[in-house]
Amino acid sequence: MANQPVLIRAASLVKRYGRRTVVDGISLSVNAGEVLAVIGPNGAGKSTTLDLILRLRTPDEGTVEYAESHLRRRIGVQLQSTPLFPGFTALENMRLAAAFHRLRLRDAELLRRLAACGLADAAKTDAARLSGGQQKRLAIAMALVHDPKLLFLDEPTAALDPRARREVRELIGSLAEGGTSVVFTSHEMEEVHRLADRIVFIGAGRILAEGTPESLLDAYHAPDLEQLYLRLTAG
Ligand SMILES: Nc1ncnc2c1ncn2[C@@H]1O[C@H](COP(=O)(O)OP(=O)(O)OP(=O)(O)O)[C@@H](O)[C@H]1O
């Protein structure tokens with residue numbers, strides 16, 4: 001993965017809210033074809049960092065460069081707050097997502113995509129009546145409607161039951177196998193180990209450690225990522 005071209009290069013990012021610095025000098029690249037996990041404690045600045053990289057917020061300092069000028073259009077995003085359209089079925093939500101990207105996709109194609117996200121039986125259900133896990137998968141299906149080159153998922157498996165969690169993990173795995181780059185956040189260290197090619201640990205707005213799961217475990221002589229997490233974030 002190290003030799004893959006860089007898609008996004010963020011350098012020396014700083015973001016302050018009032019007097020509080022929540023992102024404090026983060027430099028981070030996203031490479032083509034990699035699955036990158038951004039992890040760290042609640043409030044560490046992960047979502048803010050992703051927002052800065054996505055250019056949804058403006059940094060107070062630092063730069064975010066995209067390798068291609070059209071990359072923004074080739075990014076799919078499922079943030080924690082990604083809204084669905086209640087009162088519209090899952091299929092109708094997919095139609096809205098396609099329309100947003102000015103894509104004319106037939107219902108058969110949208111249904112195929114819903115099925116690929118484990119929502120074959122939910123196509124005609126009002127989005128507001130889907131379970132939490134189904135809503136998350138619908139948000140991911142909508143984020144994928146334009147076949148993005150790069151997908152951002154903020155805690156895609158949080159609050160899901162074990163089966164739904166496994167399905168979302170399998171979905172991320174198959175996207176990665178198909179060549180889609182994925183940047184995700186998670187508090188589940190086993191999941192991070194299983195899915196990520198590379199991990200960035202963030203604590204108090206700074207990068208604490210970065211590398212492949214194995215290289216990090218080796219470097220810190222840690223038996224697993226949970227122990228490494230506890231060590232890096234202690235005190
Ligand atoms: N718009 C905002 N205005 C003021 N403070 C904010 C704003 N957005 C985030 N923060 C604060 O910045 C800090 C970092 O938040 P952020 O959401 O980036 O953390 P996180 O690492 O993603 O946390 P979590 O794991 O809980 O999602 C938090 O203390 C949060 O309260």
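As a basis for the values below, the full set of heavy atoms in this structure was taken, side chains included, without hydrogen atoms, waters or symmetry mates. Just so you know, ligand 1 is whichever comes first in the structure, and atom 1 is the first atom listed for that ligand.
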Take atom CZ in Arg166; do more than 12 heavy atoms of anything else shown fall under 6.0 Å from it? no

Name all pairs fulfilling the ring-ring contact (aromatic ring centres under 6.0 Å, His included) condition that reach into residues 130-159, sequence neighbours left out, sorted by first residue then second. His101-His146

Is Thr89 reaching over with its side chain to a backbone N or O of Glu92, donor-acceptor style, under 3.5 angstrom? yes

Sequence neighbours left out, what passes side-chain hydrogen bond (donor to acceptor under 3.5 Å, both in side chains) with Glu109? Give chain and number order. Arg112, Arg113

Taking side-chain hydrogen bond (donor to acceptor under 3.5 Å, both in side chains) as the test, write out the residues that go with Thr157, two or more places apart. Glu191

Residues Glu68, Arg74: salt bridge by 4.0 Å N-O rule: no

Give the residues near ligand 1 by chain and number, with the criterion being a heavy-atom distance under 4.0 Å. Tyr17, Arg20, Val22, Pro41, Asn42, Gly43, Ala44, Gly45, Lys46, Ser47, Thr48, Arg57, Gln80, Glu155, His187

